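Source: prediction; values computed, not measured.
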Amino acid sequence: SKEDVSKYFLGTPLEFPVYIRVYDFDGVEPSFSWRGRLTGVKDAGGNCQMIFEASTTQMQQNGLFRKASKMCPYVVYDNNTCKADLERNSAIIRIIDTDGQKVIFEKVSGILDITDNTLSGGFVELMNASKTKRFIESNDLDEIVLFSPLNDLISMIDQEITVYSGCDQSPVTCRDDFLNLDNFGGLPLIPTKNPFDGA
C-alpha cells in the first residue's frame, strides 16, 4: 500500500540504489519507455513523493576526478584505497537501551578501545543477513548517537551489534590509530604558499 511505501522510504537513507523502468502498454505488448534512479523521497502533504533522475542525465555527468588535498580523500575501510584493518578497528557491543538513534551500550569484545568520539564518523553494523549499517555522529563511553535512526535497533535490546571506529582523514590519525600510513591518500606536504603568485 502507499502507506507501507512511505514508511519504508521516508526518514531513512536508502541502503542500496533503487531503479525504475517505465513501459508503455498498448493492450498487446509492453514497450520500454523510460528508466531512472531514485535520488530522493519527501513527504508532499501526506503523500510520498519520489524523485528520480533519468539515466540519460546520469550519462551526461562529468567523470570522477581527484583533487590534491592535505587530508586523505579515501573512504575509511575501502578495499581498494584505504584498506584499514576492520578487525583491529571494531568492537562488538550489546544494546542496553535505544530509541533507534541514541544507543546505550556496553562493550562485549573486540580490540578497539572505545573512548569519547572514537566512533565518530564510523558506523554500526547489524549482525544479521542484512548487514544494515548506519553512520555514527558521536559517542562517549556508553552511548552512541547515529546520524539517522535505525528503527530495527528498537527490537534488538540485549542483542549484539558491531561498531567500527571513524577517521578524521588526517595523517596523524591514520598513523597512530589505524597503523595505516602506507595507504594514506592525502598530500600533507603540499606547500601553503603559491609559487606562481609572483612573490
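Under a hydrophobic clustering in which Ile, Leu, Val, Met, Phe, Trp and Tyr are joined whenever their side-chain heavy atoms come within less than 4.5 Å, directly or via other members, Ile96 and Ile92 fall into different clusters. Hydrophobic clustering (side-chain heavy atoms under 4.5 Å, transitive across Ile, Leu, Val, Met, Phe, Trp, Tyr) keeps Val163 apart from Leu86. Phe147 and Val76 end up in the same hydrophobic cluster when Ile, Leu, Val, Met, Phe, Trp and Tyr side chains are linked at under 4.5 Å. In this structure, Leu146 is a member of the same hydrophobic cluster as Phe105, with clusters built from ILVMFWY side-chain heavy atoms closer than 4.5 Å. In the hydrophobic cluster analysis, where Ile, Leu, Val, Met, Phe, Trp and Tyr join through side-chain heavy atoms closer than 4.5 angstrom, Val18 is grouped together with Trp34.
To the nearest 0.5 angstrom, Glu106 atom CD is 8.0 Å from Asp158 atom CG. Summarising the geometry, atom CD1 belonging to Ile20 is positioned 13.5 Å from atom CZ belonging to Arg37; distances are rounded to the nearest 0.5 Å. Separation of atoms OH (Tyr77) and OG (Ser165) is listed at 3.0 Å; rounding is to 0.5 Å. Atom-to-atom distance recorded for Ser130:OG and Asp152:CG is 6.5 Å, nearest 0.5 angstrom. The line from CE of Met156 to CG of Leu150 is 8.0 Å long, rounded to the nearest 0.5 Å. A distance of 10.5 Å separates CD1 of Ile93 from CE of Met127, quoted to the nearest 0.5 Å.
Atom NZ of Lys70 is surrounded by more than 12 heavy atoms from other residues, nucleotides or ligands within 6.0 Å. Heavy atoms of other residues, nucleotides or ligands lying less than 6.0 angstrom from CZ of Phe135 number 12 at most. Sparse packing is recorded around CG of Asp182, with 12 or fewer heavy atoms of other residues, nucleotides or ligands lying under 6.0 Å away.
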For Val124 and Val103, run side chain to side chain contact (heavy atoms under 4.5 Å, CB included): C-alpha distance rounded to whole Å, both residues' side-chain angles, the deciding distance at 0.1 Å, then the answer.
-> CA-CA 10 Å; Val124 301; Val103 180; over 6 Å; no

Would Asp116 and Leu141 count as a side chain to side chain contact (heavy atoms under 4.5 Å, CB included) if you check the C-alpha gap in whole Å, the side-chain angles of each, and the deciding distance to 0.1 Å?
-> CA-CA 6 Å; Asp116 286 357; Leu141 296 177; 4.0 Å; yes

Evaluate the criterion side chain to side chain contact (heavy atoms under 4.5 Å, CB included) for residue pair Gln159 and Ile95; output intermediate values, then yes/no.
-> CA-CA 6 Å; Gln159 295 185 41; Ile95 300 171; 5.5 Å; no

Full working for side chain to side chain contact (heavy atoms under 4.5 Å, CB included) between Leu112 and Leu119 = CA-CA 10 Å; Leu112 179 65; Leu119 303 173; 3.7 Å; yes

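Panel note: side chain Thr173, backbone Ser170; no donor-acceptor pair is recorded below 3.5 Å. Asp78 contributes a side-chain N or O that, together with a main-chain N or O of Thr81, makes up a donor-acceptor pair within less than 3.5 Å. A donor-acceptor pair is defined here as one N or O able to donate and one able to accept, closer than 3.5 Å; such a pair exists between the side chain of Asn139 and the backbone of Asn117. Checked by atom type and distance alone, the side chain of Asp176 never pairs as donor or acceptor with a backbone atom of Leu179 at under 3.5 Å.
For the pair Arg35 and Tyr19, the cation-pi test (distance below 6.0 Å, angle within 45°) is passed.
The shortest non-hydrogen separation linking Asn89 to Phe178 is ND2-CD2, 3.4 Å. Considering all non-hydrogen atoms of both residues, Cys82 and Asn183 come closest at O-CB, 3.2 Å. Pairing each heavy atom of Pro171 with each of Leu181, the nearest pair is O-CD1, 3.8 Å. In this structure, Ile161 and Glu125 approach most closely via the heavy-atom pair CB-O, 3.7 Å. When all heavy atoms of Gln101 and Pro149 are compared, the closest pair comes out as OE1-CG, 3.9 Å. Residues Asp177 and Arg88 come closest through the heavy atom pair O-NH1, 2.6 Å.
Between Leu153 and Leu126 there is a side-chain heavy-atom pair separated by less than 4.5 Å.
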